[in-house]
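This report refers to the structure that appears directly beneath it.
The figures that follow rest on heavy atoms only: side chains count, while hydrogens, waters and symmetry mates do not. All of these numbers come straight from a predicted model, not from anything done at the bench.
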Amino acid sequence: MSDEVVIVGAGIVGLAVAFHLQGEGRRVRLVERGGVAEGASRGNAGAFAFTDILPLASPGIMRKAPRWLIDPLGPLAIPPSYLPSIAPWLLRFWRASRPDRYRRSLVVQGELMRVASGAMEAMVRDAGLSDRVRADGNLQLYESEAELAGAQEGWEQRARAGIAFEHVRGARLAELQPGLSPRFVAGTFTPHWKTVDDPYHFALALFDAVMARGGTVTHGEVTSVAPAEGGVRVKLRDGTALDAAQAVVAGGAWSRPLAAGLGDAIPLETERGYNTTLPPGAFDLRRQLTFGGHGFVVTPLSTGIRVGGAVELGGLKLPPNFKRSEAMLKKAAAFLPGLRTGGGAQWMGFRPSIPDSLPVIGRSRASERIVYAFGHGHLGLTQSAGTGRLVADLLMGRRPSIDIAPLRADRF
(Lines give C-alpha, C1' and ligand atoms only; values in the text may rest on other atoms or scores of the structure.)
Protein backbone atom coordinates (compact mmCIF):
# COMPACT_ATOMS: atom_id res chain seq x y z
CA MET A 1 0.00 0.00 0.00
CA SER A 2 1.36 3.41 -1.02
CA ASP A 3 1.98 5.98 1.70
CA GLU A 4 0.69 8.87 -0.40
CA VAL A 5 -2.57 10.79 -0.02
CA VAL A 6 -4.92 10.78 -3.01
CA ILE A 7 -6.91 14.00 -3.36
CA VAL A 8 -9.99 13.77 -5.55
CA GLY A 9 -10.30 17.15 -7.23
CA ALA A 10 -7.70 19.64 -8.44
CA GLY A 11 -9.72 22.79 -7.90
CA ILE A 12 -8.59 25.47 -5.49
CA VAL A 13 -9.68 23.47 -2.42
CA GLY A 14 -7.94 20.29 -3.52
CA LEU A 15 -4.80 22.25 -4.37
CA ALA A 16 -4.77 23.96 -0.97
CA VAL A 17 -5.22 20.59 0.75
CA ALA A 18 -2.30 19.21 -1.26
CA PHE A 19 -0.07 22.16 -0.40
CA HIS A 20 -0.77 21.85 3.32
CA LEU A 21 -0.20 18.10 3.34
CA GLN A 22 3.12 18.60 1.57
CA GLY A 23 4.02 20.99 4.36
CA GLU A 24 3.61 18.01 6.69
CA GLY A 25 6.02 15.97 4.59
CA ARG A 26 3.30 13.92 2.88
CA ARG A 27 3.32 12.76 -0.74
CA VAL A 28 0.19 13.77 -2.63
CA ARG A 29 -1.54 12.71 -5.83
CA LEU A 30 -4.29 14.87 -7.31
CA VAL A 31 -6.96 13.12 -9.39
CA GLU A 32 -8.93 15.46 -11.67
CA ARG A 33 -11.85 14.62 -13.97
CA GLY A 34 -11.17 17.60 -16.26
CA GLY A 35 -8.46 20.24 -16.39
CA VAL A 36 -6.77 21.58 -13.28
CA ALA A 37 -8.84 24.43 -11.80
CA GLU A 38 -11.24 24.30 -14.76
CA GLY A 39 -14.42 24.28 -12.65
CA ALA A 40 -15.65 26.94 -10.24
CA SER A 41 -12.00 27.77 -9.52
CA ARG A 42 -11.63 29.19 -13.02
CA GLY A 43 -14.43 31.73 -13.28
CA ASN A 44 -15.25 32.90 -9.76
CA ALA A 45 -15.18 36.52 -8.61
CA GLY A 46 -11.65 36.22 -7.25
CA ALA A 47 -12.26 37.49 -3.70
CA PHE A 48 -10.84 36.54 -0.32
CA ALA A 49 -14.15 37.28 1.36
CA PHE A 50 -13.05 36.70 4.96
CA THR A 51 -15.49 39.35 6.16
CA ASP A 52 -18.42 37.55 4.52
CA ILE A 53 -19.46 35.66 7.65
CA LEU A 54 -23.23 35.88 7.12
CA PRO A 55 -24.69 32.53 5.99
CA LEU A 56 -26.68 32.61 2.77
CA ALA A 57 -29.35 30.61 4.60
CA SER A 58 -30.76 33.50 6.64
CA PRO A 59 -34.14 34.91 7.64
CA GLY A 60 -33.51 37.85 5.30
CA ILE A 61 -32.97 35.69 2.24
CA MET A 62 -36.35 34.06 2.70
CA ARG A 63 -38.02 37.46 2.54
CA LYS A 64 -36.15 38.38 -0.63
CA ALA A 65 -36.44 35.07 -2.48
CA PRO A 66 -40.05 35.40 -3.73
CA ARG A 67 -39.33 38.81 -5.26
CA TRP A 68 -36.15 37.52 -6.90
CA LEU A 69 -37.86 34.41 -8.28
CA ILE A 70 -40.45 36.51 -10.12
CA ASP A 71 -37.67 37.67 -12.46
CA PRO A 72 -36.32 34.66 -14.41
CA LEU A 73 -33.08 36.59 -15.00
CA GLY A 74 -32.82 38.02 -11.47
CA PRO A 75 -30.42 37.18 -8.62
CA LEU A 76 -32.09 33.81 -7.90
CA ALA A 77 -33.65 31.44 -10.40
CA ILE A 78 -34.94 27.86 -10.31
CA PRO A 79 -35.94 26.35 -13.68
CA PRO A 80 -39.45 24.87 -13.22
CA SER A 81 -38.28 21.51 -14.56
CA TYR A 82 -35.76 21.27 -11.70
CA LEU A 83 -38.16 22.05 -8.85
CA PRO A 84 -39.04 18.41 -8.04
CA SER A 85 -35.35 17.52 -7.80
CA ILE A 86 -34.37 20.43 -5.58
CA ALA A 87 -37.43 20.49 -3.31
CA PRO A 88 -35.76 18.48 -0.48
CA TRP A 89 -32.73 20.78 -0.58
CA LEU A 90 -34.96 23.86 -0.45
CA LEU A 91 -36.75 22.47 2.60
CA ARG A 92 -33.42 22.03 4.37
CA PHE A 93 -32.40 25.54 3.30
CA TRP A 94 -35.60 26.96 4.78
CA ARG A 95 -34.98 25.14 8.06
CA ALA A 96 -31.37 26.39 8.14
CA SER A 97 -32.61 29.97 7.73
CA ARG A 98 -34.55 29.90 11.00
CA PRO A 99 -33.11 32.41 13.49
CA ASP A 100 -31.67 29.87 15.93
CA ARG A 101 -29.96 27.80 13.25
CA TYR A 102 -28.80 30.93 11.44
CA ARG A 103 -27.13 32.18 14.62
CA ARG A 104 -25.31 28.86 15.08
CA SER A 105 -24.10 28.88 11.47
CA LEU A 106 -22.97 32.49 11.87
CA VAL A 107 -20.71 31.55 14.79
CA VAL A 108 -19.24 28.59 12.90
CA GLN A 109 -18.69 30.64 9.76
CA GLY A 110 -16.89 33.30 11.77
CA GLU A 111 -14.56 30.73 13.33
CA LEU A 112 -13.87 29.13 9.97
CA MET A 113 -13.11 32.51 8.43
CA ARG A 114 -10.54 33.28 11.12
CA VAL A 115 -8.76 30.02 10.33
CA ALA A 116 -9.08 30.67 6.61
CA SER A 117 -7.60 34.15 6.82
CA GLY A 118 -4.49 33.09 8.71
CA ALA A 119 -3.99 29.97 6.61
CA MET A 120 -4.34 31.90 3.34
CA GLU A 121 -1.82 34.51 4.43
CA ALA A 122 0.69 31.75 5.18
CA MET A 123 -0.04 29.80 2.01
CA VAL A 124 0.25 32.86 -0.22
CA ARG A 125 3.61 33.66 1.35
CA ASP A 126 4.99 30.12 1.30
CA ALA A 127 3.83 29.40 -2.26
CA GLY A 128 5.26 32.68 -3.57
CA LEU A 129 1.88 34.10 -4.58
CA SER A 130 2.01 37.48 -2.82
CA ASP A 131 2.24 39.46 -6.07
CA ARG A 132 -1.07 37.94 -7.15
CA VAL A 133 -3.09 39.46 -4.28
CA ARG A 134 -4.67 42.93 -4.22
CA ALA A 135 -5.72 44.66 -1.00
CA ASP A 136 -8.09 47.30 -2.38
CA GLY A 137 -11.13 46.49 -0.27
CA ASN A 138 -14.72 46.03 -1.35
CA LEU A 139 -17.47 48.60 -1.83
CA GLN A 140 -21.07 47.47 -1.37
CA LEU A 141 -23.56 49.84 -2.97
CA TYR A 142 -27.10 50.90 -2.06
CA GLU A 143 -29.76 52.65 -4.12
CA SER A 144 -31.53 54.16 -1.11
CA GLU A 145 -31.08 54.92 2.54
CA ALA A 146 -33.79 52.35 3.20
CA GLU A 147 -31.68 49.65 1.50
CA LEU A 148 -28.71 50.59 3.66
CA ALA A 149 -30.88 50.53 6.78
CA GLY A 150 -32.09 47.07 5.81
CA ALA A 151 -28.50 45.84 5.78
CA GLN A 152 -27.66 47.21 9.23
CA GLU A 153 -28.29 44.00 11.14
CA GLY A 154 -25.70 42.22 9.02
CA TRP A 155 -23.15 44.98 9.54
CA GLU A 156 -23.79 44.89 13.29
CA GLN A 157 -23.04 41.16 13.23
CA ARG A 158 -19.77 41.90 11.43
CA ALA A 159 -18.90 44.63 13.92
CA ARG A 160 -19.34 42.17 16.77
CA ALA A 161 -16.93 39.86 14.95
CA GLY A 162 -14.31 42.64 14.82
CA ILE A 163 -14.66 43.32 11.09
CA ALA A 164 -13.77 46.86 10.02
CA PHE A 165 -16.08 48.78 7.67
CA GLU A 166 -17.12 52.32 6.82
CA HIS A 167 -20.50 53.58 5.62
CA VAL A 168 -19.90 56.22 2.96
CA ARG A 169 -21.82 58.81 0.96
CA GLY A 170 -21.20 61.81 -1.25
CA ALA A 171 -17.59 62.77 -1.92
CA ARG A 172 -16.19 59.76 -0.06
CA LEU A 173 -18.31 57.39 -2.15
CA ALA A 174 -17.15 59.09 -5.35
CA GLU A 175 -13.54 58.92 -4.16
CA LEU A 176 -13.72 55.18 -3.60
CA GLN A 177 -15.26 54.61 -7.04
CA PRO A 178 -15.55 57.45 -9.54
CA GLY A 179 -18.13 57.20 -12.30
CA LEU A 180 -20.96 55.54 -10.40
CA SER A 181 -24.53 56.15 -11.46
CA PRO A 182 -26.20 58.77 -9.21
CA ARG A 183 -28.84 56.16 -8.36
CA PHE A 184 -26.38 54.89 -5.72
CA VAL A 185 -26.69 57.13 -2.70
CA ALA A 186 -24.56 55.22 -0.19
CA GLY A 187 -22.06 52.43 0.17
CA THR A 188 -20.19 50.36 2.73
CA PHE A 189 -16.44 50.08 2.32
CA THR A 190 -14.70 47.00 3.73
CA PRO A 191 -11.00 47.92 3.68
CA HIS A 192 -9.50 44.50 4.49
CA TRP A 193 -11.25 42.66 1.65
CA LYS A 194 -8.76 41.26 -0.88
CA THR A 195 -8.92 39.95 -4.43
CA VAL A 196 -6.55 37.97 -6.63
CA ASP A 197 -5.16 38.97 -10.01
CA ASP A 198 -7.22 36.23 -11.67
CA PRO A 199 -8.64 33.19 -9.83
CA TYR A 200 -7.64 30.74 -12.58
CA HIS A 201 -4.09 32.06 -12.77
CA PHE A 202 -3.89 32.05 -8.96
CA ALA A 203 -4.97 28.40 -8.84
CA LEU A 204 -2.55 27.40 -11.60
CA ALA A 205 0.29 29.12 -9.75
CA LEU A 206 -0.62 27.13 -6.63
CA PHE A 207 -0.69 23.97 -8.76
CA ASP A 208 2.82 24.79 -9.98
CA ALA A 209 3.92 25.13 -6.36
CA VAL A 210 2.42 21.73 -5.51
CA MET A 211 4.14 20.13 -8.51
CA ALA A 212 7.46 21.76 -7.57
CA ARG A 213 7.18 20.09 -4.15
CA GLY A 214 6.88 16.66 -5.78
CA GLY A 215 3.15 16.36 -6.28
CA THR A 216 1.69 14.21 -9.05
CA VAL A 217 -1.57 14.40 -10.99
CA THR A 218 -3.74 11.73 -12.62
CA HIS A 219 -6.50 12.67 -15.04
CA GLY A 220 -9.67 10.63 -14.90
CA GLU A 221 -13.13 10.41 -13.38
CA VAL A 222 -13.25 8.85 -9.93
CA THR A 223 -16.14 6.41 -9.52
CA SER A 224 -15.50 5.28 -5.96
CA VAL A 225 -13.37 5.85 -2.90
CA ALA A 226 -13.37 3.03 -0.37
CA PRO A 227 -11.45 1.62 2.58
CA ALA A 228 -8.93 -1.09 1.73
CA GLU A 229 -6.61 -3.21 3.81
CA GLY A 230 -4.10 -0.82 5.36
CA GLY A 231 -5.41 2.21 3.48
CA VAL A 232 -7.86 3.25 0.77
CA ARG A 233 -8.57 2.39 -2.85
CA VAL A 234 -9.66 4.98 -5.42
CA LYS A 235 -11.20 3.60 -8.62
CA LEU A 236 -11.43 5.48 -11.91
CA ARG A 237 -13.93 4.97 -14.71
CA ASP A 238 -11.24 3.61 -17.03
CA GLY A 239 -10.59 0.76 -14.60
CA THR A 240 -7.51 2.24 -12.93
CA ALA A 241 -7.23 1.58 -9.19
CA LEU A 242 -5.07 3.80 -7.01
CA ASP A 243 -4.01 2.48 -3.61
CA ALA A 244 -3.03 5.03 -0.99
CA ALA A 245 -2.67 5.52 2.72
CA GLN A 246 -5.43 8.14 2.89
CA ALA A 247 -7.79 10.04 0.60
CA VAL A 248 -9.52 13.40 0.49
CA VAL A 249 -12.77 13.97 -1.42
CA ALA A 250 -12.54 17.55 -2.70
CA GLY A 251 -14.48 17.15 -5.93
CA GLY A 252 -16.71 20.20 -5.51
CA ALA A 253 -20.11 19.81 -7.14
CA TRP A 254 -19.29 16.21 -8.15
CA SER A 255 -18.61 14.97 -4.60
CA ARG A 256 -22.06 13.76 -3.56
CA PRO A 257 -22.04 10.30 -5.22
CA LEU A 258 -18.59 9.55 -3.81
CA ALA A 259 -19.81 10.38 -0.30
CA ALA A 260 -22.95 8.30 -0.87
CA GLY A 261 -20.77 5.34 -1.73
CA LEU A 262 -19.15 5.75 1.69
CA GLY A 263 -22.48 5.78 3.48
CA ASP A 264 -22.85 9.55 3.86
CA ALA A 265 -25.96 11.16 2.37
CA ILE A 266 -24.90 14.77 1.79
CA PRO A 267 -27.50 17.33 0.63
CA LEU A 268 -25.13 18.86 -1.91
CA GLU A 269 -26.58 21.01 -4.69
CA THR A 270 -25.07 23.19 -7.38
CA GLU A 271 -25.47 26.94 -7.57
CA ARG A 272 -24.85 27.72 -11.20
CA GLY A 273 -23.01 31.04 -11.38
CA TYR A 274 -22.62 33.20 -14.49
CA ASN A 275 -20.30 35.98 -15.55
CA THR A 276 -18.87 38.02 -18.39
CA THR A 277 -15.22 39.04 -18.38
CA LEU A 278 -14.65 42.24 -20.33
CA PRO A 279 -11.28 43.23 -21.78
CA PRO A 280 -8.80 45.20 -19.63
CA GLY A 281 -9.57 48.92 -19.63
CA ALA A 282 -13.32 48.52 -20.04
CA PHE A 283 -13.80 50.81 -17.02
CA ASP A 284 -11.70 52.63 -14.43
CA LEU A 285 -12.57 50.15 -11.71
CA ARG A 286 -10.75 50.89 -8.45
CA ARG A 287 -11.86 47.84 -6.41
CA GLN A 288 -14.46 45.11 -6.31
CA LEU A 289 -18.01 46.48 -6.25
CA THR A 290 -20.95 44.56 -4.80
CA PHE A 291 -24.47 45.28 -6.02
CA GLY A 292 -26.16 43.25 -3.29
CA GLY A 293 -29.70 44.17 -4.23
CA HIS A 294 -29.09 42.68 -7.66
CA GLY A 295 -26.95 39.70 -6.67
CA PHE A 296 -23.74 40.37 -8.57
CA VAL A 297 -20.27 41.88 -8.27
CA VAL A 298 -17.85 43.63 -10.59
CA THR A 299 -14.20 42.74 -10.05
CA PRO A 300 -10.97 44.22 -11.46
CA LEU A 301 -8.69 41.41 -12.67
CA SER A 302 -5.38 41.38 -14.49
CA THR A 303 -7.26 39.73 -17.36
CA GLY A 304 -10.09 42.27 -17.50
CA ILE A 305 -13.23 43.24 -15.63
CA ARG A 306 -15.49 40.43 -14.44
CA VAL A 307 -19.22 41.03 -14.08
CA GLY A 308 -20.85 38.07 -12.44
CA GLY A 309 -22.70 36.34 -9.66
CA ALA A 310 -26.35 35.39 -9.16
CA VAL A 311 -27.64 31.93 -8.28
CA GLU A 312 -29.38 29.46 -10.55
CA LEU A 313 -30.37 26.23 -8.84
CA GLY A 314 -30.42 23.94 -11.84
CA GLY A 315 -28.13 20.98 -11.26
CA LEU A 316 -25.27 19.68 -13.37
CA LYS A 317 -27.09 18.65 -16.54
CA LEU A 318 -29.14 21.61 -17.77
CA PRO A 319 -27.46 23.66 -20.53
CA PRO A 320 -26.23 27.16 -19.58
CA ASN A 321 -28.64 30.07 -19.90
CA PHE A 322 -26.31 32.88 -20.88
CA LYS A 323 -29.18 35.34 -20.90
CA ARG A 324 -28.34 35.56 -17.20
CA SER A 325 -24.85 36.82 -18.03
CA GLU A 326 -26.33 39.31 -20.47
CA ALA A 327 -28.82 40.58 -17.89
CA MET A 328 -26.07 41.27 -15.34
CA LEU A 329 -23.92 42.99 -17.94
CA LYS A 330 -26.84 45.22 -18.97
CA LYS A 331 -27.36 46.24 -15.34
CA ALA A 332 -23.64 46.86 -14.88
CA ALA A 333 -23.67 49.22 -17.87
CA ALA A 334 -26.49 51.19 -16.26
CA PHE A 335 -24.79 51.25 -12.86
CA LEU A 336 -21.38 52.21 -14.28
CA PRO A 337 -22.00 54.71 -17.09
CA GLY A 338 -19.08 54.54 -19.46
CA LEU A 339 -18.54 50.79 -19.03
CA ARG A 340 -17.54 49.38 -22.42
CA THR A 341 -19.45 46.14 -22.77
CA GLY A 342 -18.01 44.78 -26.01
CA GLY A 343 -15.58 41.92 -26.45
CA GLY A 344 -16.52 40.02 -23.32
CA ALA A 345 -16.23 36.27 -22.69
CA GLN A 346 -19.15 34.49 -21.00
CA TRP A 347 -18.82 31.67 -18.46
CA MET A 348 -20.96 29.42 -16.30
CA GLY A 349 -19.71 27.27 -13.42
CA PHE A 350 -21.03 25.05 -10.63
CA ARG A 351 -20.70 26.15 -7.00
CA PRO A 352 -21.07 23.20 -4.59
CA SER A 353 -23.65 24.30 -2.05
CA ILE A 354 -24.92 22.88 1.26
CA PRO A 355 -28.28 24.11 2.68
CA ASP A 356 -26.83 25.53 5.91
CA SER A 357 -24.16 27.52 4.01
CA LEU A 358 -21.34 25.58 5.71
CA PRO A 359 -18.93 23.22 3.94
CA VAL A 360 -18.46 19.54 4.73
CA ILE A 361 -15.06 19.04 6.38
CA GLY A 362 -14.43 15.89 8.35
CA ARG A 363 -13.98 12.13 8.29
CA SER A 364 -16.24 9.83 6.31
CA ARG A 365 -18.56 7.36 7.97
CA ALA A 366 -16.71 4.45 6.34
CA SER A 367 -13.15 5.22 7.41
CA GLU A 368 -11.16 7.83 9.28
CA ARG A 369 -8.62 7.53 6.49
CA ILE A 370 -11.06 9.25 4.09
CA VAL A 371 -11.78 12.92 4.71
CA TYR A 372 -14.26 15.27 3.03
CA ALA A 373 -13.50 18.81 1.89
CA PHE A 374 -16.29 20.18 -0.29
CA GLY A 375 -19.51 22.21 -0.31
CA HIS A 376 -18.09 25.73 0.13
CA GLY A 377 -20.67 27.46 -2.07
CA HIS A 378 -19.53 31.00 -2.91
CA LEU A 379 -16.54 30.73 -0.58
CA GLY A 380 -14.30 28.06 -2.10
CA LEU A 381 -11.39 30.36 -2.86
CA THR A 382 -11.83 32.20 0.45
CA GLN A 383 -11.89 29.07 2.61
CA SER A 384 -9.52 26.90 0.57
CA ALA A 385 -6.39 27.39 2.67
CA GLY A 386 -8.32 27.08 5.94
CA THR A 387 -9.81 23.83 4.69
CA GLY A 388 -6.33 22.64 3.77
CA ARG A 389 -5.11 23.32 7.28
CA LEU A 390 -8.06 21.53 8.93
CA VAL A 391 -7.77 18.51 6.64
CA ALA A 392 -4.04 18.28 7.32
CA ASP A 393 -4.76 18.33 11.05
CA LEU A 394 -7.20 15.45 10.68
CA LEU A 395 -4.97 13.29 8.52
CA MET A 396 -1.96 13.91 10.76
CA GLY A 397 -3.94 12.87 13.83
CA ARG A 398 -4.09 16.32 15.44
CA ARG A 399 -7.07 18.05 16.96
CA PRO A 400 -8.11 20.89 14.60
CA SER A 401 -7.81 24.45 15.91
CA ILE A 402 -11.60 24.86 15.86
CA ASP A 403 -14.47 22.54 16.66
CA ILE A 404 -15.37 20.93 13.33
CA ALA A 405 -18.41 19.04 14.62
CA PRO A 406 -20.75 21.53 12.88
CA LEU A 407 -18.93 20.79 9.60
CA ARG A 408 -19.01 16.99 9.76
CA ALA A 409 -20.96 14.90 7.26
CA ASP A 410 -23.01 13.25 9.99
CA ARG A 411 -24.66 16.55 10.94
CA PHE A 412 -27.39 15.91 8.36
A side-chain contact here means heavy atoms from C-beta on lying under 4.5 Å apart; do L381 and V13 qualify?
no
Between N44 and Y200, a side-chain donor and acceptor under 3.5 Å
no
Does NE2 belonging to H192 count more than 12 external heavy atoms closer than 6.0 Å?
no
How about Q346 and S325: does a side-chain donor come under 3.5 Å of a side-chain acceptor?
no
Over 12 foreign heavy atoms within 6.0 Å of CD, E368:
no
Does the side chain of Q109 come under 3.5 Å of the side chain of Q383 through a donor N or O and an acceptor N or O?
yes
Heavy atoms from other residues, nucleotides or ligands near CD of E121 exceed 12 (cutoff 6.0 Å):
no
Are more than 12 heavy atoms from other residues, nucleotides or ligands located less than 6.0 Å from atom NZ of K331?
yes
Take atom CZ of R172 as the centre, draw a 6.0 Å sphere, and report whether it contains more than 12 heavy atoms from other residues, nucleotides or ligands.
yes
Stacked cation flag R92 on W89, 6.0 angstrom / 45 deg
no
Would you check if there is a donor-acceptor pair between the side chains of R306 and T277 at a distance under 3.5 Å?
yes
Residues F350, W254; criterion ring-ring contact (aromatic ring centres under 6.0 Å, His included); working and verdict
CA-CA 9 Å; F350 302 100; W254 289 269; 5.7 Å; yes
Would you be so kind as to tabulate the donor-acceptor pairs closer than 3.5 Å made by side chains of residues 354-361, with sequence neighbours excluded?
{"unit_1": "D356", "atom_1": "OD1", "unit_2": "L358", "atom_2": "N", "d": "3.1"}
{"unit_1": "D356", "atom_1": "OD1", "unit_2": "R411", "atom_2": "NH2", "d": "3.0"}
{"unit_1": "D356", "atom_1": "OD2", "unit_2": "R411", "atom_2": "NE", "d": "2.9"}
{"unit_1": "D356", "atom_1": "OD2", "unit_2": "R411", "atom_2": "NH2", "d": "3.4"}
{"unit_1": "S357", "atom_1": "OG", "unit_2": "L56", "atom_2": "N", "d": "3.0"}
{"unit_1": "S357", "atom_1": "OG", "unit_2": "A57", "atom_2": "N", "d": "2.9"}

Taking atom CD of E166 as the centre, does the number of heavy atoms from other residues, nucleotides or ligands within less than 6.0 Å exceed 12?
yes
Starting at CG of L15, measure out to CG of L30 and round the result to the nearest 0.5 Å.
6.0 Å
Nearest heavy-atom contact between M328 and V307 is O-CG1, 3.9 Å
